[in-house]
Each structure stands twice: as C-alpha cells, then as structure tokens.
Amino acid sequence: MPELPEVETYVRELAPVLSGRQVIGAQVLWPRTIAAPAPANFVAQIRGQRFHSFGRRGKYMLLGLESGLTLIVHLRMTGHLLLMPPGAAPDKHMHVVMALDDGRNLVFQDTRKFGRLWLVSELGPVLDHLGPEPLDGSFMLDDFVQRLAGRKAAVKALLLDQTIVAGVGNIYADEALFAAGIHPTRSGGSLSRAEAARLQQAIQNVLAAGIARAGSSLGGSALQNYVRPGGEQGEFQAEHNVFQRTGKPCPTCATPVERIVLAQRGTHFCPHCQR
DNA sequence: ATAAGGCCCTGACCGC
DNA sequence: TGCGGTCAGGGCCTTA
C-alpha cells in the first residue's frame, strides 16, 4: 500500500518525465475518483495545463501546474498513477485518463476505487489537517511527546492518525515500532520520553530506508499492489523485519513474529523484542 | 476531545 | 468447476 516512501518515489520518478508536459485532454471514467471540483469542471480546467512543479505532503502527491492550480493525488490502497505509452491497452480499473502532448497518457488506475484526485488553487482545505512532515525537520520531539501524552489509544493506532505525524501507514508503523522495541498495543500516553524519542527516530529511519529502496511492493498482482509509475516494483519489502512475516523468526531473537488486529489493521510484531 | 466502528470497493482466497 | 462468504485497509463519517 502506498505510504510516504511510495508516494515520494512516485514524485521523484514522475518529475523528470512530466515536467513541461501539457495535458491536452482528460476523461473521467469513475466520477467519484474526483474529489474536487465536479468531474466536468475537472476535465475543463485541466485541459491545456502544463506540469511545472512536483512535491509531496504526507501521502498526498502534489503536481503543480503552470497556471498555479495543483493536481493533488492520493493513491489510498490500490491506486496507481501510471505513465502509459501511446496505444497501451485500456483496462477497467483506469478511472481517469489524461492525454499528454507527447502522445502518452497519465492514467489514474485503482482497483478498489478508494483513491482520490483534486484540482485546486488552494492546498489548505485538503492538507491542513495533517500533522508534521516526518523527514523535513518539522517533526519535533517535544511536539510528538505532547501529542501522545494522555492518549489511551494504542500507539500503533496513533501512528496511523495523520494528524499526529503525516505519511505513516500500516507497513511503516509496524516496522518503526519494531525498530524502537515498542509493543504496538501500548497506549500512547504510556510511552516515556526516551521511548518516544526512539520511536521518532525509528519512524524517520524506516521512512528514509523505504525511500532509498523505492518503496515496498508486496506479493500479488500489480493491480492490487504498489508499483512505480513505469510499472516496476519497489525493493523495501526485502528489508521488512515484521510486516507480513507472521510466524517467521524475528531477525533479532528468532521468536516467531505475531499478528494481531489493532484498530482494524493487521499488526505484526515480535513479542520478545517489543515491550 | 477521544475512541470505536461502519463504510466505500473488488480481487484473492478458502471451503464445500 | 463453481459458488458463496470472508478478508484486506486509508481516510472520512457517525455514534457514544
């Protein structure tokens, strides 16, 4: 599933190939994909726009256009933003097709239809709810400690809350808790300052490592899982210590990795190393 | 304010 | 082989 490292990989790989390209037309095949504006207005407004700048906030991709509008893309579970050569075969999961001036198509494809696109002049309404960005120096220990203080919810659930820290999803939450040696069911408020500091550092480390390996592609078909804009897989799954490794030995102590359900999410951890 | 649960979706997988 | 049921899950919404 696309989290911060996967979205960052998208931005880095799309920037050099999309920069300066113009959208000459667009089709919306599943209207609910367009969060704003109304789909007909989205089609009218994106026509003629030229890609100009590339950024990311949490799990949101920010594709800046020359006019000042921004195309915001959230891939959610199974979304892909693919750059397809001329004449590539369409499939039923392609919900938005943007024709580019070089003959290629920029296609939003999403099996489960949870992903969303916005075309907006102001980012605030879409992004303002997000907590600090974990890798740009705005993720401060004092603030993190304060956000966890008094919280009874499991620390794993709090890591998935995008208002506490932006961009962490199920994979990197489990991996960060493992790296910090913290049990996922611990309440947020029960963490000492030293534990919060370890967790903060672990979040930054696993996200940076994920980016360095172009994200995590898990088993299954390309339709279901993260692949890069050109269709290639990421490589960070080879470095997962606990995520989707139920029953396999913990790399540190060889205790079998356990799986529980927490906040409606599969949660993987080492019962010996994480306390 | 916080926590918990439902909802959106559909392919993969399981048991019969 | 075919079929029905269950599962996965990010963010948003409702409820308590």
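We name chains A, B, ... by the order of the sequence lines, and we start the count at 1 in each one.
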Rounded interatomic separation in angstrom, taking [atom1] from [X] and [atom2] from [N]:
X      : N      : atom1 : atom2 : value
A/Q244 : B/dC13 : CD    : P     : 12 Å
A/L262 : C/dA8  : CG    : C1'   : 16 Å
A/R147 : B/dA3  : CZ    : P     : 14 Å
A/D161 : C/dG10 : CG    : P     : 13 Å
A/Q264 : C/dT6  : CD    : C1'   : 16 Å
A/R76  : B/dC9  : CZ    : P     : 11 Å
A/R112 : B/dA12 : CZ    : C1'   : 9 Å
A/Y172 : C/dG9  : OH    : C1'   : 16 Å

Query raised in the report: Do NZ/NE/NH1/NH2 and the carboxylate oxygens of A/D174 and A/R265 come within less than 4.0 Å?
Result: no
Query raised in the report: Should A/R193 and A/D142 count as an ion pair when the cut-off is N to O under 4.0 Å?
Result: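 Salt bridge between A/R193 and A/D142, a charged N being under 4.0 Å from a carboxylate O: yes.
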Requested in this report: Could you check which of B/dT10, B/dC8, C/dC12 has an atom nearest any side-chain atom of A/K113?
Outcome: B/dT10
Over all strands shown, is [X] touching base, sugar-phosphate only, or nothing at heavy-atom distances under 4.0 angstrom?
X      : result
A/R151 : sugar-phosphate
A/G150 : nothing
A/D110 : nothing

Query raised in the report: When you match A/H129 and A/R259 each to their closest nucleotide on DNA chain C, which lands nearer the 5' end?
Result: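 Residue closer to the 5' terminus by nearest nucleotide: A/R259.
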Got [X] and [Y] here, is their nearest side-chain heavy-atom distance under 4.5 Å?
X      : Y      : value
A/L62  : A/L71  : no
A/L218 : A/F243 : yes
A/K156 : A/L177 : yes

Side-chain N or O of [X] less than 4.0 angstrom from OP1 or OP2 on [N]?
X      : N      : answer
A/R116 : C/dG10 : no
A/K92  : B/dG11 : yes
A/Q162 : C/dG10 : no
A/H74  : C/dG11 : yes

Please work out whether the ring planes of [X] and [Y] are parallel, tilted or perpendicular, with thresholds of 30° and 60°.
X      : Y      : answer
A/F144 : A/F139 : perpendicular
A/W118 : A/Y60  : tilted
A/H240 : A/Y172 : perpendicular

Requested in this report: Report yes or no: is the ring centroid of A/F114 under 5.5 Å from the six-membered base ring centroid of C/dG10, with the two planes under 30 degrees?
Outcome: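 Yes, A/F114 stacks on the base of C/dG10.
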Query raised in the report: So which one's nearest nucleotide on DNA chain B is more toward 5', A/R265 or A/A154?
Result: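 This one resolves to A/A154.
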Query raised in the report: Over its full length, what angle do the end axes of the helix from B/dT2-C/dA16 to B/dC16-C/dG2 make, each axis taken from five pairs and the result rounded to 10 degrees?
Result: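 End axes: 50° apart.
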